[in-house]
Amino acid sequence: MSDQEIVRRESLGKLRELGIEPYPAASYPVDTYAADIRINYSPENHPMDDVTLAGRLMSVRVMGKASFAEIQDSSGRMQIYVNRDEICPGEDKTMYNDVFKKLLDIGDFIGVKGRVFLTQTGEVTVHVVSLTLLSKTIHPLPIVKVDADGNAHDAFTDPELRYRQRYVDLVVNPEVRQAFVQRSKMIQVMRDFMVSKGYLEVETPILQPIYGGALAKPFKTHHNTLDMTLYLRIANELYLKRLIVGGFDGVFEFAKNFRNEGMSRFHNPEFTAMELYVAYKDCFWMMDFYEEMIEEVAIALHGSTKFQVGDKEIDFKRPWKRFTMLEAIKEFTGVDITGMDEDQLRKAARELHVPIDETMGKGKLIDEIFGTHAEPKLIQPTFITDYPVEMSPLAKKHRDHEGLVERFEVVCNAKEIANAFTELNDPIDQRQRFEEQLALGKRGDTESMVLDEDFLRSLEYGMPPTAGIGVGIDRLAMIMTNSASIQDVIFFPQMRPEKKIAAE
RNA sequence: GAUCUCGUAGCUCAGUUGGUUAGAGCAUUUGACUUUUAAUCAAAGGGUCAUGGGUUCGAAUCCCAUCGAGAUCACCA
């Protein structure tokens with residue numbers, strides 16, 4: 001235990017000796033937030049003579065019998081003025097001299113009641129009439145100080161500590177809270193948008209006997225009573241389509257998916273995807289739908305379709321640029337791969353210095369060329385359409401072009417932020433596609449799909465023509481909040497266990 | 001999984017070519033100041049230099065291994 005922790009435990013005892021409970025049980029009648037005061041207070045037009053607010057004590061400047069301090073609530077900080085003879089009207093000055101000056105620490109939760117005034121320097125301040133300790137902190141909070149020039153001192157910046165102790169990060173770094181508030185708002189706008197169209201928010205299994213709906217490696221677990229292997233879902237696509245079979249016109253789910261793959265600033269083992277399926281629509285309808293929804297998100301968060309992300313300005317104003325995949329490859333490499341067979345593609349990929357291996361089929365080769373040369377250059381939101389059939393086993397064959405499917409992805413800031421198809425509803429074609437995937441699996445591709453007989457049976461009962469889309473919520477949140485790492489938009493990103501705590 | 005970088009006080013960081021007892025600011029404690037402040041002044045306490053081994057008369061510093069983190073790459077959303 002550090003010195004500071006020992007001192008705080010001692011303070012705790014002294015408070016109890018003075019008859020002050022450091023962890024009182026009663027509700028505290030908060031009626032005002034710091035931001036309310038900052039926004040609404042005006043000495044002439046809107047005096048605030050009786051406010052009660054609560055929060056953490058974040059700084060204290062003692063000057064004899066008068067002190068200035070700051071308390072931080074969920075809306076921000078507010079300066080308070082504490083005068084000895086006002087909080088201690090009688091002879092006993094213990095409350096000020098001992099409790100306030102010595103036994104309170106930065107980080108403690110306190111409640112104050114008082115009147116708002118302007119100091120000589122013009123700062124809005126609460127003149128405290130009574131002060132209540134609400135919860136004592138015994139672990140020192142790292143204090144970020146900002147000097148007169150706006151420079152931060154002692155910022156709490158170590159990424160490991162920030163993610164492991166997110167609660168501390170949230171207390172001392174206000175912009176962190178902001179990113180999460182925006183993330184939540186983004187999801188809310190999307191949800192409202194879809195609900196307003198009449199679509200139903202649903203929940204589907206996370207524990208699945210057969211994983212499907214995406215190309216990825218799953219987490220495996222075991223159910224004891226059933227004595228069977230279950231997989232944590234990698235996607236919810238096949239379940240949502242079963243619901244379309246069942247007669248819903250539109251269903252969506254914000255789903256936690258789990259993929260047992262590498263971690264990076266773009267990948268967390270568990271992540272959130274939103275998938276939406278709408279009956280009697282196709283992927284071209286979905287393009288318009290998505291564009292409109294995301295434009296609305298941008299406006300809700302930034303008041304504009306245009307905002308800064310890293311060193312780029314991104315504009316979500318409709319309409320977005322649309323490329324077929326082959327057009328995009330031609331645009332950024334100068335090579336037209338239209339009509340090439342597998343060997344020709346392999347040769348073209350080598351010439352373009354695209355990393356490839358022998359397990360790759362025609363679809364993966366095209367995808368690699370696109371991923372290496374086109375995707376990194378797509379900063380503004382862009383639709384990429386017409387994917388090869390080999391890499392899209394759940395998408396309907398293109399109505400006009402042999403070998404392609406009706407599919408689009410949206411690429412923005414060099415990352416995919418949506419993936420959509422006109423869904424394959426021909427049960428015989430779907431069975432063949434699964435079988436091709438099985439063949440790829442035998443060839444050594446560890447991410448090929450497995451055959452889901454129950455899903456095929458549902459298609460055999462008949463699924464209406466359907467458009468479906470999947471949206472990477474974390475990726476989209478990174479762009480919308482201008483975050484460089486996925487860990488900045490996930491409260492508790494996955495990390496290795498903390499050695500010290502595990503040992504205790 | 002590969003490569004590179006990093007790990008020093010509660011927090012942010014110095015620490016020279018390997019050389020006395022490892023430093024600073026903030027935070028903490030004590031004292032001063034009894035005041036409408038924007039890091040008030042003074043003093044003090046605080047360290048398994050990530051962990052373990054090695055080289056050396058001597059290691060925070062050089063070498064090896066391990067643990068943890070970050071960046072880039074691979075896989076992927």
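Reminder, nothing fancy here: chain letters follow the sequence lines and each chain counts from 1.
Nucleotide B:rC26 forms a Watson-Crick or G-U wobble pair with B:rG10, both donor-acceptor distances falling under 3.5 Å. Shown here, B:rU5 forms a base pair with B:rA69; the pair counts as Watson-Crick or G-U wobble because both key distances fall under 3.5 Å. When both distances must be under 3.5 Å, the Watson-Crick or G-U wobble mate of B:rU16 does not exist. Pairing for B:rG47 is absent, judged as Watson-Crick or G-U wobble with the two contacts each under 3.5 Å. In this structure B:rA32 sits in a base pair with B:rU40, meeting the Watson-Crick or G-U test at under 3.5 Å. With a cut-off of 3.5 Å on both Watson-Crick or G-U wobble distances, the partner of B:rU55 is given as none.
If you check the side chains of A:Thr481 and A:Gln182, you find no donor sitting under 3.5 Å from an acceptor. In this model, a donor atom of one side chain and an acceptor atom of the other lie less than 3.5 Å apart for A:Gln79 and A:Thr125. For A:Glu292 and A:Tyr290, the side-chain atoms include no donor-acceptor pair closer than 3.5 Å.
Heavy-atom nearest nucleotides on RNA chain B were determined for A:Asp105 and for A:Gln79, and the one closer to the 5' end corresponds to A:Asp105. Take the nearest nucleotide of RNA chain B for A:Pro142 and for A:Leu118: the residue whose nucleotide is more 5' is A:Pro142.
When distances run from any side-chain atom of A:Ile106 to the nucleotides B:rC13, B:rA38, B:rU28, the shortest one goes to B:rU28. Which of B:rU36, B:rU12, B:rG10 sits closest to the side chain of A:Gln4 comes down to B:rG10. The nucleotide whose nearest atom lies closest to any side-chain atom of A:Thr157 is, among B:rG31, B:rU12, B:rU37, B:rU12. Of the candidates B:rU12, B:rU37, B:rU34, B:rU34 carries the atom nearest the A:Lys65 side chain, counting heavy atoms from C-beta on. Considering only the side chain of A:Met63, B:rU37 comes nearest among B:rU12, B:rG10, B:rU37. Considering only side-chain atoms of A:Leu161, the nucleotide from B:rU29, B:rC11, B:rU36 that sits closest is B:rC11.
Contacts of A:Arg259 with the nucleic acid, taken as non-hydrogen atoms under 4.0 Å apart, include base atoms. In this structure, A:Arg8 reaches neither bases nor backbone, as no heavy-atom distance under 4.0 Å exists between it and the strands shown. At the heavy-atom level, A:Glu409 lies nowhere under 4.0 Å from the strands shown. Counting non-hydrogen atoms under 4.0 angstrom, A:Gln120 reaches a base of the nucleic acid.
For the pair A:Tyr81 and B:rU36, the ring geometry qualifies as stacking, because the centroid separation is below 5.5 Å while the planes lie within an angle under 30°.
For the pair A:Lys321 and A:Phe383, the cation does not sit on the ring face, since its NZ or CZ is not both under 6.0 Å from the ring centre and inside 45° of the axis.
Taking atom P in both B:rA24 and B:rA43, one finds a spacing of 11 Å when rounded to whole Å.
Using bins of under 30°, 30° to 60° and over 60° for the plane-to-plane angle, the ring pair A:Phe258/A:Phe219 lands in the perpendicular bin.
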